[in-house]
Chemist: 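Following this message is one structure expressed as structure tokens.
As the structure is a computational prediction, the values presented were derived from the model and not from experiment.
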Amino acid sequence: MREFVTIGEPLVAYSAQEVNVPLDQVTDFSRYPAGAELNVTFGLTRLGRQCTYLTALGSDNNGEFLQHALSAEQIDTEQIKVDPEAPTGIYFKERVTAGDPQIEYARKNTAASRLQLADLGELDFSKVKLLHLTGIAAAISPTMFKNIEELILIARQNDTLISFDPNIRPALWSSAEQMKRVLNRIAGQCDIVLPGLGEGRQLTGGKTASEIADFYLNLATPKLVVVKNGSTGAYAKDEQGTVIESAAFQVDQVVDTVGAGDGFAAGLLSGILAQLPLAESLRRANAMGAFAVQSEGDNSGYPDLARLTTFLANN
Ligand code: KDG
């Protein structure tokens with residue numbers, strides 16, 4: 001497998017073309033590849049990193065659509081199982097001019113939710129530098145949760161760094177208590193934790209970015225916590241107590257906020273893989289977030305490395 005590995009559920013996003021119309025009245029949708037882990041993988045690949053994505057797709061037109069999209073981005077799809085017995089997950093997304101859009105999932109008993117790590121054969125972690133996990137994958141099924149626990153063990157045995165974005169999705173959990181307990185347990189086993197400010201407040205009870213960072217840095221494994229705060233920027237603190245705050249870039253028009261956090265993660269992790277100083281990785285992360293919010297698809301705004309470099313040089 002390649003230097004970056006993730007596991008999760010790719011979704012086909014059906015994105016409303018009518019603006020500020022509730023989903024039940026929308027008739028015109030465009031189709032995009034989506035899913036938090038897929039978004040991060042797309043972002044990293046565009047920035048020149050080598051990525052492997054572990055998942056399962058149904059043998060349906062949505063699955064084919066995602067296979068084409070992953071192959072078009074040159075992502076390693078060797079470890080993608082096709083499950084003829086289960087559908088590919090999809091979701092519908094509103095188009096709004098202010099705030100976050102409403103979304104609705106159709107992702108119960110999907111191919112990805114049934115995937116077992118053993119279905120993918122031997123996973124060779126010898127060249128893997130970074131394993132990225134999210135709380136969405138942890139939530140979709142007990143089977144996928146077990147995959148995450150197994151991958152954490154494999155990564156630990158291979159000295160692979162692990163990053164974790166809690167990506168709170170209350171609709172996928174049976175209770176807020178369960179969500180909090182499970183996500184914090186995973187976070188405690190990962191090296192890099194990337195909560196949003198609102199997510200961090202819900203998960204830790206801390207109010208400020210500094211309190212949230214300290215909560216995770218006091219657990220067994222985390223060495224770096226980066227608290228994302230949307231249009232404001234990000235707060236990072238490492239195990240030595242070094243704090244770096246990095247401001248967000250201003251954008252003229254926000255088209256869609258979904259996928260901005262994953263773009264941020266891709267920017268940050270690309271810098272970490274390239275062994276850039278943390279302050280530079282955070283600038284990359286904020287820049288990716290700024291690109292992301294200016295386009296409709298969850299990942300369609302992510303730039304390639306040349307565009308990102310030009311943007312950073314000019315801003
Ligand atoms: O972070 C963006 C994701 O929310 C989006 O692509 C869809 O994975 C998705 C989800 O579960 O919400």
Side-chain angles (χ1 to χ4, degrees), residues 5-17 23 26 28-46 51-73 75 77 79-96 100-115 132-141 143-145 147-148 165-173 179 255-266 292-293 295-302:
V5 172
T6 191
I7 187 165
E9 175 162 52
L11 299 172
V12 176
Y14 287 85
S15 183
Q17 296 302 288
L23 272 181
V26 174
D28 189 7
F29 292 92
S30 279
R31 198 185 200 199
Y32 293 97
E37 305 83 7
L38 175 144
N39 296 337
V40 175
T41 308
F42 272 31
L44 276 162
T45 307
R46 290 193 197 148
C51 301
T52 296
Y53 189 19
L54 312 178
T55 193
L57 297 167
S59 69
D60 47 22
N61 74 79
N62 286 310
E64 292 285 338
F65 176 82
L66 289 168
Q67 282 277 11
H68 294 314
L70 286 156
S71 303
E73 298 278 339
I75 290 157
T77 56
Q79 260 88 18
I80 294 186
K81 179 188 167 180
V82 176
D83 181 346
E85 313 277 308
T88 305
I90 64 172
Y91 92 104
F92 298 90
K93 180 170 71 165
E94 267 182 355
R95 175 89 183 263
V96 291
D100 296 330
Q102 289 295 313
I103 64 164
E104 189 175 302
Y105 295 126
R107 66 187 312 183
K108 284 234 164 70
N109 302 318
T110 54
S113 72
R114 290 154 42 110
L115 174 74
H132 181 66
L133 303 171
T134 84
I136 299 178
I140 62 169
S141 66
T143 327
M144 191 52 106
F145 176 69
N147 296 337
I148 287 184
D165 186 335
N167 264 319
I168 286 188
R169 297 291 182 275
L172 300 178
W173 293 96
M179 174 175 85
V255 175
D256 179 20
T257 53
V258 180
D262 303 327
F264 180 99
V293 298
S295 72
E296 181 185 296
D298 295 5
N299 51 61
S300 44
Y302 300 169

Chemist: Please check this pair: side chain of D298 against backbone of A13, looking for a donor-acceptor N/O pair closer than 3.5 Å.
Modeler: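 Side chain of D298 to backbone of A13: no pair is present.
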Chemist: Output all residues satisfying salt bridge (charged side-chain N to carboxylate O under 4.0 Å, His left out) with R169, sequence neighbours left out; order by chain, then residue number.
Modeler: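 For R169, no residue satisfies salt bridge (charged side-chain N to carboxylate O under 4.0 Å, His left out) once neighbours in sequence are set aside.
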Chemist: Identify the two heavy atoms, one from T110 and one from A86, that lie closest to each other, and give their separation to 0.1 Å.
Modeler: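 Shortest heavy-atom separation between T110 and A86 comes out as C-CB, 3.8 Å.
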Chemist: Taking side chain to side chain donor-acceptor pair (under 3.5 Å) as the definition, give me every residue that meets it alongside Y14, ordered by chain and number, with sequence neighbours left out.
Modeler: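 By the side chain to side chain donor-acceptor pair (under 3.5 Å) rule, Y14 matches R31, N62.
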Chemist: Would you call the rings of Y91 and Y105 parallel, tilted or perpendicular, taking 30° and 60° as the class edges?
Modeler: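 Tilted, since the angle between the ring planes falls between 30° and 60°.
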Chemist: Atom CG of D165 and atom NE2 of H132: how far apart are they, to the nearest 0.5 Å?
Modeler: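 NE2 of H132 is found 5.5 Å from CG of D165.
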Chemist: Of all the heavy-atom pairs spanning T45 and E73, show the shortest one and how long it is.
Modeler: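 For T45 versus E73, the nearest heavy atoms are CG2-O, 2.9 Å.
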Chemist: Would you say S30 and Q17 make side-chain contact, with heavy atoms under 4.5 Å?
Modeler: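 Yes. Closest side-chain heavy atoms under 4.5 Å.
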Chemist: Of all heavy-atom pairs between D60 and P87, which one has the smallest distance, and what is that distance?
Modeler: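 Looks like OD2-CA, 3.4 Å.
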Chemist: I need the L57 CG to Q67 CD distance, nearest 0.5 Å.
Modeler: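 Output value for this atom pair is 5.5 Å.
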Chemist: Taking salt bridge (charged side-chain N to carboxylate O under 4.0 Å, His left out) as the test, write out the residues that go with E9, two or more places apart.
Modeler: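 E9: salt bridge (charged side-chain N to carboxylate O under 4.0 Å, His left out) contacts with R107.
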Chemist: Got N299 and Y32 here, is their nearest side-chain heavy-atom distance under 4.5 Å?
Modeler: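 A side-chain contact is absent here, since even the closest heavy-atom pair is not under 4.5 Å.
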Chemist: How far apart are the closest heavy atoms of P33 and N39, and which atoms are they?
Modeler: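 Heavy-atom minimum between the residues: O-OD1, 4.4 Å.
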Chemist: Just so I know, are the side chains of M144 and I7 near enough to count as touching, which here means a heavy-atom distance under 4.5 Å?
Modeler: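 Yes, side chains in contact.
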Chemist: What pairs with Q79 under side-chain contact (heavy atoms from CB on, under 4.5 Å), at least two apart in sequence or on another chain?
Modeler: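 If we apply the side-chain contact (heavy atoms from CB on, under 4.5 Å) test to Q79, skipping adjacent residues, the hits are M1, T52, L54, D76, L120, L123.
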Chemist: Nearest heavy-atom pair of G58 and A111: which atoms, and what distance?
Modeler: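 In this case the closest contact between G58 and A111 is N-CB, 3.5 Å.
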Chemist: Who passes salt bridge (charged side-chain N to carboxylate O under 4.0 Å, His left out) against K108, sequence neighbours left out?
Modeler: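 Partners of K108 by the salt bridge (charged side-chain N to carboxylate O under 4.0 Å, His left out) criterion come out as none, since no residue qualifies.
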Chemist: Of all residues at least two apart in sequence or in a different chain, which pass the salt bridge (charged side-chain N to carboxylate O under 4.0 Å, His left out) check with E94?
Modeler: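 For E94, no residue satisfies salt bridge (charged side-chain N to carboxylate O under 4.0 Å, His left out) once neighbours in sequence are set aside.
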Chemist: What pairs of residues pass the salt bridge (Lys or Arg N to Asp or Glu O under 4.0 Å) test when at least one of them lies in residues 255-265, not counting sequence neighbours?
Modeler: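 Output for this query lists K93-D256.
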Chemist: Who pairs with A292 by side-chain contact (heavy atoms from CB on, under 4.5 Å), at least two apart in sequence or on another chain?
Modeler: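 By the side-chain contact (heavy atoms from CB on, under 4.5 Å) rule, A292 matches A260, Y302.
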Chemist: According to side chain to side chain donor-acceptor pair (under 3.5 Å), who are the partners of S59, at least two apart in sequence or on a separate chain?
Modeler: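 S59 satisfies side chain to side chain donor-acceptor pair (under 3.5 Å) with no other residue.
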Chemist: I'd like to check the ring-ring contact (aromatic ring centres under 6.0 Å, His included) partners of F65; sequence neighbours left out, ordered by chain and number.
Modeler: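 Partners of F65 under the ring-ring contact (aromatic ring centres under 6.0 Å, His included) test: none.
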Chemist: Closest heavy-atom contact between S113 and S141?
Modeler: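 For S113 and S141, the tightest heavy-atom pair comes out as O-OG, 2.7 Å.
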Chemist: Sequence neighbours left out, what passes side-chain contact (heavy atoms from CB on, under 4.5 Å) with T55? Give chain and number order.
Modeler: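 P10, Y53, I80, A112.
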Chemist: By side-chain contact (heavy atoms from CB on, under 4.5 Å), which residues pair with A138, not counting sequence neighbours?
Modeler: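 So A138 forms a side-chain contact (heavy atoms from CB on, under 4.5 Å) with F145, I148, W173, I186.
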Chemist: Once rounded to the nearest 0.5 Å, what's the spacing between atom CD1 of I140 and atom CG of N109?
Modeler: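 These two atoms lie 10.5 Å from each other.
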Chemist: CG of N61 to CD1 of I90: how many Å apart, nearest 0.5 Å?
Modeler: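 Answer for the CG-CD1 pair, N61 versus I90, is 9.0 Å.
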Chemist: Side-chain contact, heavy-atom cut-off 4.5 Å: L66 with T88?
Modeler: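 Of all side-chain heavy-atom pairs linking T88 with L66, at least one is under 4.5 Å.
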Chemist: Can you tell me how far apart OG1 (T134) and CG (L38) are? Round to the nearest 0.5 Å.
Modeler: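 Going from the OG1 atom of T134 to the CG atom of L38 covers 11.5 Å.
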